[in-house]
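Keep in mind that what you see is a predicted model, and the values were worked out from it rather than measured. For the single chain, residues carry numbers from 1 onward in sequence order.
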Amino acid sequence: MKYTQLGRTGLKVSRLVLGTMNFGPQTDEADSHAIMDAALDAGINFFDTANVYGWGENKGRTEEIIGNWFAQGGDRRDRTVIATKVYGNMGADGEAWPNHDKLSAVNIRRAVDASLKRLRTDHIDLYQFHHIDRATGFDEIWQAIDTLVQQGKVLYAGSSNFPGYKIAQANETAARRGGTIGLVSEQCLYNLAERRAEMEVIPAAQEYGLGVIPWSPLHGGLLGGVISKEVQGGRRASGRAADTLADPAKRAQIQAYEDLLDKHGVEPGEAALAWLLTRPGVTGPIVGPRTAEQLASALRAVELELSDELLTGLDEVFPGPGPSPEAFAW
């Protein structure tokens, strides 16, 4: 495994991040524990979750599964950088009692204590804001985070799904307050098929020293060889991938992508991950393997070297938006 610093911090993390969103809803506890053991054995030390994972009446279940894994000992907790998130409504019926969601100081304090209990740990390494809260100012948010840092419950704070201007606003507020390190990471939707983050989000993250953690690196399976799998009688596309393939122009684009990689003898899913690892500012993509083979494929991507010819070809199939403001102004 290869490692890098998380943004401007001294925290060293693996270039792949283990995503746990499937733990509970799609992967049972025993298999989830086996995947986490395999990831740790392979050198992946950065695990990502959220308080709402488990979904519906099982919100919090994913954190509980991770907590039970930590409780098995064997230095599992000490070897793991655990990242979780706050913002979502934790009510099983979808209705939040006032102050039981979003980023008020009241909810942040309540949510972090609940996550610590489920995770069976005394601190969270990276506490991420799952979404912007338009009703809560950053002075209040940072006051709450500063208190948690002083209490030893949280070490670093990060954002998720933030626009560029909110990254700037958050860190300018932190700088003005003094003594607050501010955001150290941004977790955003970013992959070959979805490159809008290159216009504002990633430049803002780089300017303020945030590590970029892409989620959905295969764009819901779309970049994992979905067409060839259909032809071979394998698993059919669903969700975002199926919606995209219903558009003839998009389907042709994905076919061109798969043809390009077939020409170079590279597996599509591995290429999509390896491409992200070449992008400026990217710490590491989040991978959510459901099987040992999917984990092995992700690990191969870390060592995969993409040729200049292939990188050029990928840019031709999936052109980026270009820099801001030229991308939309000229």
Practice prompt. State, with a plain yes or no, whether a side-chain heavy atom of R8 is found less than 4.5 Å away from one of L210.
Written response: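 Yes - at least one pair of side-chain heavy atoms lies under 4.5 Å apart.
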Worksheet item: Does D113 reach the side chain of K153, with side-chain heavy atoms less than 4.5 Å apart?
Response: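 Heavy-atom side-chain distance check passes, below 4.5 Å.
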Quick one: does any side-chain atom of [X] pair with a main-chain N or O of [Y] as donor and acceptor, under 3.5 Å?
X: T27; Y: D31; answer: no
X: N107; Y: K102; answer: yes
X: S32; Y: F23; answer: no
X: R76; Y: L40; answer: no
X: Y127; Y: V112; answer: yes

Where is the tightest heavy-atom contact between [X] and [Y], given as atom of each residue plus distance?
X: P214; Y: P217; answer: O-CD, 4.4 Å
X: G211; Y: T283; answer: CA-OG1, 3.2 Å
X: L192; Y: A272; answer: CD1-CA, 4.3 Å
X: L18; Y: I286; answer: C-CG2, 4.5 Å

Report, one line per pair, each donor and acceptor closer than 3.5 Å where one atom sits in a side chain of residues 262-270; sequence neighbours left out.
residue: E270; atom: OE2; partner: S297; partner atom: OG; Å: 3.2
residue: E270; atom: OE2; partner: R300; partner atom: NE; Å: 2.9
residue: E270; atom: OE2; partner: R300; partner atom: NH2; Å: 3.0

I'd like to know if the side chain of [X] pairs up with that of [Y] as donor and acceptor (distance under 3.5 Å, no hydrogens or angles considered).
X: D146; Y: T180; answer: yes
X: T49; Y: T20; answer: yes
X: D48; Y: Q128; answer: yes
X: W215; Y: N161; answer: yes
X: E64; Y: N68; answer: no
X: N51; Y: E63; answer: no

Can we say [X] and [Y] salt-bridge, meaning some charged N sits less than 4.0 Å from an Asp/Glu carboxylate O?
X: R251; Y: E230; answer: yes
X: R196; Y: E194; answer: yes
X: D315; Y: R195; answer: yes

Item to complete: Mind telling me whether H131 and Y87 have parallel, tilted or perpendicular rings, with 30° and 60° as the class edges?
Response: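 Tilted.
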Fill in: Check: F318 ring centre within less than 6.0 Å of W275 ring centre
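Not close enough - the centres of the two rings lie 6.0 Å or further apart.
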